[in-house]
Amino acid sequence: MITAARSVSSEESSARTALKLGPKSIGERLRNLELDTSGTMPAIDRYTGVLYDPLASLDADAATRAWWFEHVVVQSAMFGPVRGGDRVPAYRLSHDSRLAPVRLASLWPEPSARVLEAHTAGGLVLDLRSEGYRQLGPVSGAIVPRVVSVDGTGRRKALNHWNKTAKGRLVALLARSGAQVTTLAELVEWADANGVVLEERDGAWDLVAESLEPAAV
């Protein structure tokens, strides 16, 4: 994986296509050339964006960070499943990057699924990954909630971009409350106790975004 990423990152022309980089972000290709020598930090601190911003991980107390280190696994396109406390360098790669002849969709599923199964040991898995990353490491029997918004009439609408914010707030609240849930029933009980609306509808689970407004976290 690293060899393929280095290869396409060595030239601007190949990096632009393979990593989908524009003029302002083309310099990010250099991260893939420095993986052996660049500094590292825990995965929970490394990743940024609307999914991770609600965590405010660098400002979190020791108990909250310890919860993330124990319970959170991130699906990395470069390194496969990494735990919240695993130290990783900066890189540029996503689930849909094109690194011919290496195909992420062929390389990662089997080893990722094996590692995730061993890590979870058959326990409850709350899978908050986007579809593209779930395909890189399928987890049988995982709970995959649909993030929805509910209007004043009770009508539900699935969210796209902003569903990441709700997921980040959920992980933040789980950690800050020190949640210890090992079964689906315990997860539902925890959600109810913390004002989080998690409901089963038609065999699937809805996570209501409004119940995870900043005030709840």
Side-chain angles (χ1 to χ4, degrees), residues 42-44 46-47 49-52 54-55 57 64 66-86 88 94-96 103-149 156 158-194 196-209 211-212 217:
I44 207 71
R46 168 63 67 191
Y47 297 101
V50 295
L51 178 63
Y52 294 91
L55 303 184
S57 64
T64 298
W67 193 98
W68 286 325
F69 287 7
E70 180 180 356
H71 296 286
V72 172
V73 175
V74 179
Q75 185 74 42
S76 164
M78 182 74 76
F79 302 111
V82 294
R83 293 168 297 185
D86 287 345
V88 295
S94 60
H95 71 89
D96 56 354
R103 292 186 66 251
L104 278 72
S106 297
L107 174 69
W108 280 127
E110 191 279 328
S112 291
R114 185 174 67 248
V115 168
L116 289 168
E117 182 178 351
H119 178 74
T120 59
L124 176 69
V125 176
L126 184 62
D127 195 340
L128 303 177
R129 297 171 296 175
S130 63
E131 183 178 357
Y133 283 97
R134 287 202 305 272
Q135 292 176 350
L136 297 187
V139 179
S140 178
I143 302 301
V144 183
R146 182 183 73 144
V147 181
V148 300
S149 179
R156 300 190 175 210
L159 298 179
N160 293 319
H161 178 70
W162 292 110
N163 86 85
K164 294 182 178 180
T165 299
K167 291 175 179 178
R169 290 172 178 168
L170 176 61
V171 174
L173 184 56
L174 282 163
R176 290 187 168 89
S177 67
Q180 296 296 326
V181 293
T182 58
T183 66
L184 179 56
E186 290 176 349
L187 175 62
V188 173
E189 182 180 354
W190 172 89
D192 184 63
N194 287 274
V196 176
V197 180
L198 182 65
E199 300 175 335
E200 186 177 17
R201 294 173 66 90
D202 301 324
W205 288 89
D206 279 358
L207 175 65
V208 177
S211 68
L212 281 160
V217 177

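More than 12 heavy atoms of other residues, nucleotides or ligands sit less than 6.0 Å from atom CZ of Arg134. The environment of Glu200 atom CD is dense: over 12 non-hydrogen atoms of other residues, nucleotides or ligands sit within 6.0 angstrom.
Side-chain contact between Trp205 and Leu184 is present, with heavy atoms from C-beta onward closer than 4.5 Å. A 4.5 Å side-chain heavy-atom check between Leu212 and Lys167 finds every atom pair outside the cut-off. In this structure, the side chains of Pro81 and His119 stay at 4.5 Å or more apart for every pair of heavy atoms. Contact of the Tyr52 side chain with the Val74 side chain is registered, since non-hydrogen atoms from C-beta on lie closer than 4.5 Å. Between Trp67 and Val72 there is a side-chain heavy-atom pair separated by less than 4.5 Å. At least one side-chain heavy atom of Leu116 sits less than 4.5 Å from a side-chain heavy atom of Gln75. The shortest distance between side-chain heavy atoms of Ser94 and Tyr133 falls below 4.5 Å. In this structure, Leu126 and Leu170 have side chains that are in contact, with non-hydrogen atoms separated by less than 4.5 Å.
Side-chain polar atoms of Ser177 and Trp190 form a donor-acceptor pair below 3.5 angstrom.
When all heavy atoms are compared, the tightest approach of Trp68 to Ala172 is CZ2-CA, 4.2 Å. When all heavy atoms of Leu55 and Arg176 are compared, the pair lying nearest together is O-NH2, 2.8 Å.
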Tell me which donor-acceptor pairs under 3.5 Å the side chains of residues 135-147 have, and how far apart each pair is, sequence neighbours excluded?
{"unit_1": "Arg146", "atom_1": "NE", "unit_2": "Asp206", "atom_2": "OD1", "d": "3.1"}
{"unit_1": "Arg146", "atom_1": "NH2", "unit_2": "Asp206", "atom_2": "OD2", "d": "3.2"}

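In this structure, CG on Leu198 lies 13.0 Å from CD on Glu189, to the nearest 0.5 angstrom. For the atom pair OG1 of Thr64 and CG of Leu174, the computed distance is 11.0 Å after rounding to the nearest 0.5 Å.
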In sequence, state the C-alpha distance, the side-chain angles, and the governing distance for Arg156 and Val208, and then conclude on side chain to side chain contact (heavy atoms under 4.5 Å, CB included). CA-CA 9 Å; Arg156 300 190 175 210; Val208 177; 4.2 Å; yes
When you look at Phe79 and Asp86, which way does the side chain to side chain contact (heavy atoms under 4.5 Å, CB included) test go after all the steps? CA-CA 11 Å; Phe79 302 111; Asp86 287 345; over 6 Å; no
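In this structure a side-chain-to-backbone donor-acceptor pair under 3.5 Å is present from Ser57 to Ile44.
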